[in-house]
Structures are given as structure tokens and as C-alpha cells.
Amino acid sequence: CTGKFDDMNKNPAKLSDAGARELPFMFTRAQSAATIHRPYYQTISILMPDLYAQYFALTTTSFQTDRYVMNDGWLSRPGIITYVLTLPQLQTIFDNTERSSGEYALANIMMTYTFHRLTDYYGPVPYFEAGQASSSIAYDPQDKIYDDLFKRLDSAVTNLKAGTAANVFGNYDIIYEGNVQQWIRFANTLRLRLALRISKVDPARAKTEAEAAVAGGVMTAASHSAYIKRSAKGDDANGLATNAVNNEFSMSSTMASYLKGYNDPRLPIYFQPAVASGQFKGLRNGSSATDINKPGNRPAQTSNVGPRWVNWNGATWIGQLEATQPVMHAAEAWFLRAEGALNGWNMDGTAQELYEKGIAASMQEWGINDLTVINSYITSAAVPAAPGDEAGSPAVAATPVKWAATGSMQRLQIGTQKWLALYPDGQEAWAEFRRSGYPVMYPVLQSDNSDLPAGTFINRLPYSSVEASTNGAALEKARQMLGGPDNAATRVWWDVD
Amino acid sequence: QNQPIKGTVKDAVSQAPIPGVSVSVKGASQGTATGIDGGFSIQAAADAVLVFSFIGYEKKEVPVGAQTVLNITLQQSASQLGEVVVTALGIERKTRSLGYATQQLNNTDLTTVRQPGANIMNSLSGKVAGAVITPAATGPGGAVRVVLRGNRSISGNNNALIVVDGVPIDNTMTTEPGGSGSANTVATQQKSIASGYSGSDGAASINPDDVESITVLKGPAAAALYGSRAANGALVITTKKGKSGKVTMNYNGGVAIDRPYLLMDLQNTYGRGNGGVYGAQAGESWGAPTTTYKNNVRDFYNTGVTLNSSVNISGGTDKLRGYASYTHNANNGIVPKNRLERNTLNLRLTGELLPRLTTDVKVTYMNQIIKNKPRLGDNGVTNEALIMPRDMHPDSLRNFERLDKTGQPVPVYWTTSSAFQNPYWDVHRTALNEERNRITLMGLAKYQLTDWLSVQGRYSLDRYDDKITGSYYFGTIPVPTLTGGRYQEAYINRWERNMDVLISGNNKLGNDFGINYNAGAAVLRNRGYNSQSFANGLSIPNQFNLNFAATPAFSNLTVEKEIQSVYGNAQLDFRQQLFLDVSARNDWSSTLPAPHSYFYPSVGLSAILSDMLNLPDWISFSKVRAAYTQVGNDADPYLLIQTYTYSLGAGNGFVARDQIKYISDLKPEKTESWEAGTEWRFLDGRLGLDATVYKSNTYNQLIFIGLPQPSGYNQQYINAGNIQNQGVEVMLTGTPVRRQNFTWNSSLNFALNRNKAISLSPGVTQAALTTATGFGSLLVKPGGMYGDIYDYVWSQDSKTGQYLVTTAGLPAVTALQKIGNYNPDYTLGWSNQLQYKRFNLSMLIDGRVGGMVISGTDAMTAYFGIADYTTKYRDGGLVLPGLKPDGTTNTTAITAEQLWTQVSQGGRNGYGQFFAYSATNFRLRELSLGYDFDWQNKLVKSARLSLTGRNLFFFYRGKSLLDIPGIGKRTIPVDPEVAIGSSNYQGIESGILPITRSIGLNLSLSF
């Protein structure tokens, strides 16, 4: 009498199949996770890259990552995002759709997006064998991964352009609601980003890819920018808003120095005045516990992120949990082109023109549409100011906004304005800081990581002990590819002088 | 013609009266029991025979004749010839015939010294050889882990099966606070509630006052017939039945007060701040020397009060007997507002209404309410109270809120944190309440077909419904973002039905041989349903009802399985001296792939040497025994196919493949075990010895192992492995003194278990047990032991053994090194009962030697500069001896703050070796002093008043693993025997409640 056993052993609360009905929902999951959804946002965005990019500095002594201490438990999380939460859904789409379809193309773009972020953290990561249910999965060198990512983007754009569908996935696409034209621009902008990333290590490939991307059409207007929907339901709230409520970090002195010095109209959008003083104020990255506990550095005395994310109701912070989250800004495309133009590539414009359009695009994206305001900013001779922090820091740099005469200053200006425009995507900003060295940042006041003495900056994330224990043999080989010890000081492939 | 007969019953040697002796008329149903002074009175005819029986004494039959006064003496049973224990399926067996070890506990062992934990399993501590009892430190009603003869299952349950009146009860494990759940299967998720709270278990709702006895069947041999779930041994509980004759009534009441014991050792010199500088809003106490408040943590806790009262009434005729009881337990925990209230009603009718037909019907109803269950774990209420700065006046934290302009409370805290909040806010503005209604039904009918053959049918149902609600005022950590506050409601229903038939018979085969046999079939159906609703944000702030939900969310879980079984056993005896036992069972489980079937046999042998051989007089009894058993085990439901989960989110929500890879060829787990033992009684039973050796191997375990993350799965199930346990159990019992007015009984138990993970699967180097804290990993590696703890250790130079330090002079560490094992090397329990005239004194001392605990709570007090040992080197000057990375000797001086904040890593992810302690400890666990009043002729027949104490003090507590140069060895600041939960995650605690020392008064009355 075991006839009913098979039915009884089927879980009614789960799906036991993933087919055409489920694919759109799986694409949504992949998008939500790849852009770092709420459960991971605090640790692998705010407490690591956002500090390394010096967007924020900690006002709590509960965490040590601002002094470059590595938290092993968090180091495995970027891998969870990519391999466990994103990849299986994309794989299911690859397995169940035609290679030439729009669905396949969109999955390819998300695949590229999540893997370039992952490999930029660590260097070599498992890529070609990823997704196989095997007990050992090989790591691949970063150049091979980049090569394949370029191919994925190229084929995605080709197929989207050739395809007849104007809309793919509809409102299951929580970035562009399925708009194919938007996805073509997104893919090309991503391709341009990757091209600039390898511009020092492989200039020839970089030029080819960048020119193909621009020719194929990149983002230009604020309306092209990619924002992902967030929801208070489930585990999908806006991560920055959720964590800003805890008020454990504030504007960094670096941000304060640039934004205040430039009299930047984005200052009150990115951050808000301290609750107690009504003043914009930051603190230095790498502050010691003693410094953090100075009355002037406490949360009420420093600037939380802007009202787009949190609002003070007089007693407590209220988070805008459903605020959309920027994934890629149109302004970035302009700055990437500006740098490309300085490299002598055909970027369809002069470096200055592209630089100034980038500033304007960023302003417009944040709601500053008054051309007088924008133009006076672009032509301003203002330079960063002393941030007015407890450490008494001087101005961080002397980089003006107004287009300079020399190439090296121009590169610094592009890097600085791109850094301001990328906010709050610390992960991309940190990657570009590592590659270019721009903008100029304050050294951390104190480093508690002996591999990174104060005065140096962090170059990568070490592999986590989870990999060592579950994929140890493959990891050992990966460590041989690193070209240095497996620590936070070793540079990744594209990070060369 | 009946006539009244009176008399007393005394011990044949000591001449001490024996209370509680059963006195009955042979062949009839009337009976009585002797009172405190050994006296009895009964109505009997002259041709009647009176039967006197009592556990531990030989039964005596006395013809009445013309006598009206009978003064009887009973001989202590040297051989325990007639002693009967209840074994698998409720089958009663003579102890002497068993091929395996058992141990029995009686009602008084369970009800004399009451447990503040309000879980009957706590009463087993120190009393059962080979049992490791670990309560979850979560306040009253918490789950208790009972492991017999070592851990054997990596992903599954290691708890002993609990059987009440022949029927297994649901005792599903619960997840621990912050835990990932034992195997993360739906069955455990099904019981998990709000994160941070430790769940209750099925044993917690057994009323100790209704329990007649507990037989501990230690190994799988004993339990083979219970099948799948009994591989961990079984606790066979027999509850009270009505007795015929005069109606008797008993009352048992007690009160106990519980004070927190082993609060951490805190410093009383430095106030809040960092670097020796005062910081008004600093979270830590690394500030300047200042006025401190020594008792600010202690004052947070209340004195707990435990109240028990139980009344039962029993009586009936030879055709129908009844037993009814009502018990009320109330328990105020030491955390303010935490309270348990439990009411249990029990009704049982037994009888022979028709010739040859025996019936037994029982209904038990229990209602239990736990209010304000404390949140445990690294950011639980214990740590919130502990980390308050030493210079914090308790009153300034007691003002835990202010009101906003709409009159709603806003938390007040001296510092800001996303992990911790004011513990008083936690107590007053968050509440997790649990209510459980449990009903157990049992009905049995047995028909005697012939005088040698009977058939029995039994039906039982165990069902409980939990309603769990959690409310969190707006502003509560860790959900402050949910505007308006948060509310959640969970309904958990568990349902288990057992139906079985059993044919039993016995025959004589010639003059010398006899045979006993049983054959049966059973169907077990187990269902669970868990429905949770969440109001994530409340539109009307702090209005805790789902109707006000700003963002409602729901989740549902169902589990269901069925096991069908056939089984049989036969026992052949030769002159009642030599016994051969064989059994076999086949199960079909819905959780396994077709054909769903697995089979397992057992065989046992026992020989009474003292009957077979001519032994010297001073040896009164001698027996040897041996058994071999296999037990199969199925798995949790729903593991055979890959599943995908829908969840809420932006757009239309998400579908994601589950992170655990399915196992389509799941095989049943198999445990193979051997045991051999011997029992001896010397000097008329004044001294007894019972010793057992055993070995068990568990194969084909369902192991939950990590797959490389890049595979896209977090984990997978595999069937693999061979986990071995071998050990020794010894029990010594003795009566050093037996005089007219003074008796001293003493018993000592000793157990040792050695575990070895012989193999996992080829290519699999380790399997991890569950995790619940940021400390350590519990890894099972081939060649290692179950319970090995791996964590960061202080690195040492491979050649010289010198410690390594960083350029900053701080300890350099290496990850994932083995630092110890959580299992004790051996356990000891010594219990004594002394009787002098009407005074009774009983005392239980027990200890565990070996084993290790990482104290996350200790790491927390280190990080915050709260622990007493953080006072050394506050001003610097600590030069750790060791080598720097460049190979030179370290000369860099550091401060205590640098050292402790570095090694504690925020207190939540610290370097385990620095907070690891030996779990060795010896304590006076139970003490009771009773007096029996002589109220024989009044309304009250007997009365005993006892003064009791539990956890009175430690004789010894373990020391820290590291002897940090300049700091020295530290003594473990927590009770090494309590855990954060009752799953396999043991040996690492974080934020558990302090244990309590209880002192109580207990009164028993018989009417």
C-alpha cells in the first residue's frame, strides 16, 4: 500500500519544475540578486566597496572594515550573489530558450553584469565551469573571463538588433520593463565600461571593444539610465535605504571635501545635514574607535545619505524602502567616452565635450535641470575644500571642475567627476579608482590590516575560507594565477601602472 | 466472608518499615499500599492469599487463614528476579531476560527537585549512565537535548526517541537562535520561528507528576522494534494508572526560587569610552577609571519563581479502574516578564469489562502559555544587558523610551547600534508569546484468545497546535526599518497517528524450553503544517494585529510522511536461565524512492550465571548478555526532486532554484551495533555492578555537505559515511548502611564514549554540522571526531613553536584549525539517599570531564571591555612574546583594548581559540532534605515536606585553553552544559541566559 507515497512526498509549498511559466520570474530574481538585494547590501556594498571608494565612512565601532580588516564571513557573499542566486536562474533561461532569442540575450547581459563585478573583486574566479554540480570547479584567469564577457555582450546586442521583439519579459524585467532598445544601450555601455577597464593591460582590445560599443549606441540621456525596482515585500527592499536607517555610516570626508569645495548641487541630494547641527559634515575613513566616539563624529553630528533614501521624522529615521536603485548611469557612458577620446579612440566627440556632457547628464539624472546652474558648475574654477571634519583635514585635492589644459589633469578631472556621478555604486567606483587612481582620496587614518599599511589603498578581496573548504584544490591553482599573495594588497589583472 | 486485616511491612534485614508496598488479594482486584510507617489495612476472606510486592524486593504471598494482624518482612531482591521493565511497543519483559542494558527512573527521581527549565528531560541529568543532557538556555519551557551513547547522525537528529505508554511522541528538534536549522530540511524549518528564539520541544509538555517510571533503553538493540527513530535509543515513559480498591488522592506541591548564577565576571573600574578616554556615547567600556555600578547587570534580572501543584485521584473496581490528574505549573523566568503557565489534565481508564478483554484508554490535554520568551544569540537580551557600560547607572537604562509627538514610544539608548538595543526596551517593547494546546489520545484493546495467545490493537494520536506571536514596537532592532513596527503570527500544527496490531504468545516446549513471540504491523502517519503571517510595517504604528499590516507577507510549510511496518520477535529460553532473542522489522517509508523499503534484524543472548553455575554465597546474582542489532532510518520528506521557491519581491516576485541539490537515489541510513554486558549482585544485594561495552557504526548517513559555491548550489545531500561510537557504561549500586533507623543507598554511574568518523564519501573531505553563531565551524572529517570544533587559532612558528604576532604586535591567527571537541571524555554521576528515622536526604553530584566550549558571550564582554580580565594592561605595556613577520622578536607594546578588540572581532565573529574553555565541571546538582510526618490516622494518610536545591554550586569549572602571556588562564564564565539550542550545534554558545540556582520547598500529601 505504498501507491500514494510519491504524491505524498511532493512538497506542496514548492515548484518542482521550472519551465516557460517560471522563466520570467527567474529573470526577475537574477536581476534583483545581481544588483545586490537587501540581505547582502550592508556587508558587500556599504561595509566594503562603498568604504573603499570613500563614499561613506563608519560612525559605528561595531565594524572594522573601514580600517581594512577582512571579515571572512562576508568574503563568500559576492560568490553567493553571483553563483547561487543569479547563475542558476540565468542557466535555466539559457537551457530553455533559443540562442537567438531576446530572453537569451537579456540573460547574457545580466550574466556579464554579475560576473564582471565578481571577478573585479577577486581576480581569477570560476567562470567556464560555473554552474556544474561538481565537487571541484576550476578558476579561470581574468583575461579569459573578460574575453568571454565581451563575446556575450556582442552576441546579445547582435541578437537583440536582429530580433523582431520590441519587448522581452515585459514587466518581469524590473529594470527596463522589457524595452529592447534600452537593453541594447545598456549592453553597449557595459561593453564600454569593460573596455576602459582593460585599457591599460590590453589597449588594442580595449580600443576595438570601446569603438564597437559606441558605434552600436550607448546611453546618452538620463532616461537611458538603468534603475532597478525595489520592494518592501520579501527580501527585496532598497538596501541603502534599509541600512541608512541604522545610521552607522555617514558621508566621508573625501565626499565632503569635493562636494563642498565644488559647491556641488548634488550635495543635498546625495547626503543631508546632520540632525543635531543642520550642517553637512563627514568623517575620515579608517577612523579609530576612539575617533569615532568623539562627540563630533557621532551619527547625530554627521551626514546621513540623502532624503531619497531616508528621512528624519524628529525621532527616528524612516527608510524609503521602495526607492529604485541605480544600476548604471548614463553619465558614466559620457565619462568613459571622454577618457577613450583622450586615448585617441573614436568616441564620437572631443574629450572636453564628452566630459561636460557627462557632468550635465549626471546633474539632470539627479533632478538638476536648470542649465544655468549646470553651466556655472562646469565652468567653475572651484576646487575641493577642507571638509570641516574632526580630524581637521585639509582639502583632499586641488582638482578643478573646469576643463584643464593638460592631459594628466584632464584624466584626473574625468575620474573625479565619474566618481561623483557613479554614486552610490561603490563597487564600480572602487574598481575605477583601483584602475585609474582617480579621484585623489585621503589615506585611511588607521589600517588594522598589516598587508595594507596606512597610506596604501586596498586592491582586491581575498578568497573566503568557504572556498578553501569546499573547492580547495581548485583554489590552490587559482592562487598561483594571482601573481602575488592571496591578500587584499595584491592587484588584479587589469590593475597595472 | 471478608474481614479487616491490618499489619506492617518491614525490610527483612534493617527492620525499617517500607512505605508504598502494594498489598493485594490474589485473584481479586482489591488492593492497597502501605503508608509511611509500613502499615496497611485490607479486607480479605480467610481463604484468600495476600500478595506483597515492591520494586527491589522479592514478592511475597501470605495465606490469610485466621490471622487479623499480619507483620510481614520482605527480602530485598538480590537477583531482581521478578523485576519487569517496559520495552519496545509496551511489551513487558523480565529484566533478567534482556540482552541489552536498561536503566529505570521512578517518579520521585523526577518530581522531588523541580527544574526551573520546566522540561522533564532536565531531571535526567547525572542520573543515567551514558546520557548527555543539554538544556537550551532559553528560560522555562525550552528544549532539551538528550543523547545516549554519543552522536551518530551528522545532519539528522541525535536525540533519544521518547515513547509514552507504548507510543512514540513527536519530539521534533527545533532550530537554535540564528541557526540554519539542523539539516535545513523542511521538517526543521517547519518548527523554526522568529529568528533569535529557541523553540520548545515535545518533551517539554510531558507532565512529570503523571509519570510512573522512565525506562532508558540505551542502545539501538533495546529499541530495534521501534524502528527508524529508535537508533538513538529510547526513553520509555510509563504513566500512572488507576488502582482498584479504596479511592486515594495525592497532592504534590512545590515552590522554588531561582536566582541567576554564573553571571559573567565583570570589571568594576573603567567606564565607557575608548583608548582610556571618556566617551558619553561610546558603546564600549574602554574609557577612564570612574565610578562603576557593580550590580547593574545583576539588577536587570528578576528572581524567578517556580510553582507546581498537582493532584491526582485513583480508584476503581476489578472491572474498571480510573486515574485522573490535574497539574498546574507556573514559572516566572529570571528575565523580566518571561513567564510560563501550564495546565495538564489527564484521564485514564483501564479495565476488563468483558471476560478476556482488557482495555486501556487515556486522554491527556495540555495548555501551555509562554509569555515574553527572551531572545538569545549574539544580539539577544543577555548580551544587551551585559554590555551596558560599567559606569551606567541602572536607572538611566531603565528609562528605555520617550514619547514622540503622537504619543508613541521611541527607544532611548546611550549609544547607537544596528545590533543592540536597550535591554529594557527589548523586554517591554518586544514580545514573543507562545501558546500550545496538545492533546494525546491512546486506546488499546487486548483480547486473550487462549491462555497462551493474545491479540492487541492500539490507536494513538498526538496533536499539538502552537500559536506564536511576535510584536516589535517601531524602532526595535533589528527591524527598525519597518515603519510603524512589526507583527508576526505563526500557527504550527503537528499531528502524529500510530495504529498497530500485535499478536503475542508464549508456549512451553517440553520441560526445559519456553518461547515468547510477538508479531505485529503498524502504520505511522506524521503531518506538520506551519502557517506564518507577517505585518512588515504597521500602518497604524504599534497596533499589533495583521489588520494593520503595511506590507503583509505569508509563508506556508507542510510536511507529511507515512511509514508502514511489519515486525516480529521471538525469545527462546532454557529453564529461564538462558535466553535467545531474535527480532526483525521491515519498514516502507514515503520519504524514500520506490520501493521505499528497508529491513533490519537483531539478535540477543543472555545467561544467568548464578542459576547455571555454583557460585560462592557472597555472589547473589550474575548475568552476562550480548546483542547485535541493525536499525534502518528513513529521511525527512521532499528530498528526492529539485525544487524551486517563489518569493515576494519587486515586480511579480521571484522564482529561484533552491540552493540545496536534490538526491534522487536516497538510501536509508543504517546503524549496526554490538553490545555486551554483565550484571552482578553481591552480599545479598548490598552491592551491585552493571557494566556494558558497546560499539555502533552508522552508515549511509544522509549528510548535508557544502558543494563548491560556483556549482550554483550551496549544499547537497549525499548518502555516505561511517560514524563509529564505542564506549563503556558502568553502574555501581550499594547500600553501605542498612540499620533499623538509618539507611544509606548510594549509586555511582560512569560512562565513556569515543567517537570516530571513519569515512565520509570518496572525495568528500568534511561535512559541517549546522551553524548558529559567528564562531567556529563544527566539521566532521574522516579520522576526526563528531563534534570537532574548528576556528581561528593563534599562529605558531612551525619550528620553534613560538607564537607569531603581526607588525602591530597583535596575535597573528590561522583560520579553521581544530581546537577541540564538544563531547565530554567521560561523565560521572553519584547519587545518595540517606534515611534516618523520618528524615530523608538525597544528593546528586555529577561531573563531566573533557570537552570544550567556545563562549561567544565571553568574546562579547572582551570586545566591550566589560570582562574582569580586560583591566590588565589598559594603559599599554603588554608585549606579547613571539615572532614578528620579519622573524625578529616582538617588542611592540599593545594595550588591552587593542588585544581584546582584535581577538574578539566585534564580539560576534571572534577568534575562537581565545574564548575556548575546557568544559570539565563538577557540581552539586540536586539536594533535598525531606521529613515524613506521622499523620497516619487523620484525613491525611501521609505527608512529606522537602527542602530542595538545584545547581547549588560548582566544585570545579574548566579553564581557558590559552594561557595568554601576561593575562593568564581564565575560568569558564558560563555553564558549560547549557547550549544555545537543542540541535547538533553544540559546544559554541553566544548570548545564552545565565543558569539559575534554585531553592525550593515541596509538599506531598496522600489522602
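Numbers restart at 1 for each chain; the letters A, B, ... are given by sequence-line order, proteins then strands.
If you measure heavy-atom distances from B:Thr643 to chain A, the contacts under 4.5 Å come from both the backbone and the side chain. For a residue to count as touching a neighbouring chain, one of its non-hydrogen atoms must lie under 4.5 Å from one of that chain's; by this rule B:Tyr863 touches chain A with the side chain only. In this structure, no portion of B:Ala808 lies under 4.5 Å from any heavy atom of chain A. If you measure heavy-atom distances from A:Lys4 to chain B, the contacts under 4.5 Å come from the side chain alone. Neither the backbone nor the side chain of B:Ala280 comes within less than 4.5 Å of any heavy atom in chain A. Within the 4.5 angstrom heavy-atom criterion, only side-chain atoms of B:Leu816, from C-beta onward, approach chain A. Both the backbone and the side chain of A:Asn9 come within contact range of chain B, with heavy atoms under 4.5 Å apart. In this structure, the portion of A:Ser136 lying under 4.5 Å from any heavy atom of chain B is its backbone and not its side chain. For B:Lys561, the part sitting under 4.5 Å from any heavy atom of chain A is the backbone (N, CA, C, O) and nothing else. Only the side chain of A:Gln89 comes within contact range of chain B, judged by heavy atoms closer than 4.5 Å. Residue contact with chain A, scored on non-hydrogen atoms closer than 4.5 Å, involves the backbone of B:Ser589 exclusively. Contact annotation for B:Arg272: neither backbone nor side-chain heavy atoms come within less than 4.5 Å of a heavy atom of chain A. Contacts of B:Tyr278 with chain A are absent, with no heavy-atom separation under 4.5 Å from either backbone or side chain. Neither the backbone nor the side chain of A:Glu177 comes within contact range of chain B, judged by heavy atoms closer than 4.5 Å. Interface residue B:Gln905: backbone and side-chain heavy atoms are both found under 4.5 Å from chain A. Contacts of A:Thr28 with chain B are made by both backbone and side-chain atoms, with heavy-atom separations under 4.5 Å.
The minimum heavy-atom distance linking A:Ala133 with B:Ser711 is given by the pair CA-CB, 4.1 Å. Shortest non-hydrogen contact noted between A:Pro126 and B:Pro710 is CG-CG, 3.4 Å. Between A:Phe5 and B:Trp588 the shortest heavy-atom distance is CE2-O, 3.6 Å. Contact record, B:Leu707 with A:Ser134: CD2-O, 3.7 Å, taken as the closest heavy-atom pair.
By the 6.0 Å contact criterion, CZ on B:Arg402 is enclosed, its count of non-hydrogen atoms from other residues, nucleotides or ligands being greater than 12. Within a 6.0 Å radius of NZ in B:Lys781, other residues, nucleotides and ligands contribute more than 12 heavy atoms. For A:Phe94, the CZ atom counts as densely surrounded, since its 6.0 Å shell holds more than 12 non-hydrogen atoms of other residues, nucleotides or ligands. Counting heavy-atom neighbours within 6.0 Å of B:Lys405 NZ, excluding the residue itself, gives a total of 12 or less.
Checking side-chain atoms of B:Gln709 against main-chain N and O of A:Val466 turns up no donor-acceptor pair under 3.5 Å. No donor-acceptor pair closer than 3.5 Å links the side chain of B:Gln281 to the backbone N or O of A:Asn293.
Your options are B:Thr591, B:Thr901, B:Asn536, and the one with the most heavy-atom pairs under 4.5 Å with chain A is B:Thr591. Heavy-atom pairs under 4.5 Å with chain B were tallied for A:Asp448, A:Asp173, A:Ile80; the largest tally goes to A:Ile80. Counting heavy-atom pairs closer than 4.5 Å to chain B, the top-ranked of the candidates A:Ala237, A:Ala33, A:Gly234, A:Ala289 is A:Ala289. With chain A as the partner, the residue from B:Gln408, B:Glu560, B:Gln659, B:His596 showing the most heavy-atom pairs under 4.5 Å is B:His596. Interface summary for chain A: among B:Ser590, B:Gly907, B:Gly275, the most heavy-atom pairs under 4.5 angstrom belong to B:Ser590. Interface remark: of the candidates B:Leu779, B:Thr416, B:Leu810, B:Asp404, B:Thr416 forms the most heavy-atom pairs closer than 4.5 Å to chain A. Interface remark: of the candidates A:Ala300, A:Pro295, A:Pro88, A:Ala130, A:Pro88 forms the most heavy-atom pairs closer than 4.5 Å to chain B. If you tally non-hydrogen atom pairs under 4.5 Å between each of B:Gly712, B:Ser777, B:Pro885 and chain A, the highest count goes to B:Gly712. Counting heavy-atom pairs closer than 4.5 Å to chain B, the top residue among A:Glu22, A:Gln31, A:Glu129, A:Arg298 is A:Arg298. For the set A:Val125, A:Val84, A:Thr60, A:Asn471, the count of heavy-atom pairs under 4.5 angstrom toward chain B peaks at A:Val84. When each of A:Arg230, A:Gln132, A:Lys229, A:Glu322 is scored by its heavy-atom pairs under 4.5 Å with chain B, the top score falls to A:Gln132. Across B:Thr806, B:Asn909, B:Thr645, the residue that shares the most heavy-atom pairs under 4.5 angstrom with chain A is B:Thr645.
Taking NZ of A:Lys10 as the reference point, atom CG of B:Leu640 lies at 11.5 Å (rounded to 0.5 Å). Separating the CG atom in B:Leu557 from the CG atom in A:Asn11 is a distance of 7.5 Å, to the nearest 0.5 Å. The OG atom of B:Ser647 sits 11.0 Å away from atom NZ of A:Lys233, with the distance rounded to the nearest 0.5 Å.
For the pair B:Ser418/A:Phe63, a side-chain contact is recorded, criterion being any heavy-atom separation below 4.5 Å from C-beta on. Within the 4.5 Å cutoff, the side chain of B:Phe654 has no heavy atoms near those of the A:Leu85 side chain. Within the 4.5 Å cutoff, the side chain of A:Arg29 has no heavy atoms near those of the B:Arg657 side chain. Proximity of A:Ser288 to B:Asn274: side-chain heavy atoms (C-beta onward) are nowhere separated by under 4.5 Å. Residues B:Tyr638 and A:Lys14 are not in side-chain contact: their nearest non-hydrogen atoms beyond the backbone lie 4.5 Å or more apart. Side-chain atoms of A:Lys294 and B:Val277, non-hydrogen and from C-beta on, never get closer than 4.5 Å to each other. Inter-residue side-chain proximity for B:Glu562 and A:Thr2 is flagged as unmet; no heavy-atom pair is nearer than 4.5 Å.
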- Task: Report the C-alpha separation of B:Asn652 and A:Asn171 in whole Å, then their side-chain angles, then the decisive distance to 0.1 Å, and conclude whether the side-chain contact (heavy atoms from CB on, under 4.5 Å) test is met.
- Result: CA-CA 8 Å; B:Asn652 305 299; A:Asn171 65 359; 3.2 Å; yes

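For residues 71-78 of chain A, the interface with chain B (any heavy-atom pair closer than 4.5 Å) comprises A:Asn71, A:Asp72, A:Ser76, sorted by residue number.
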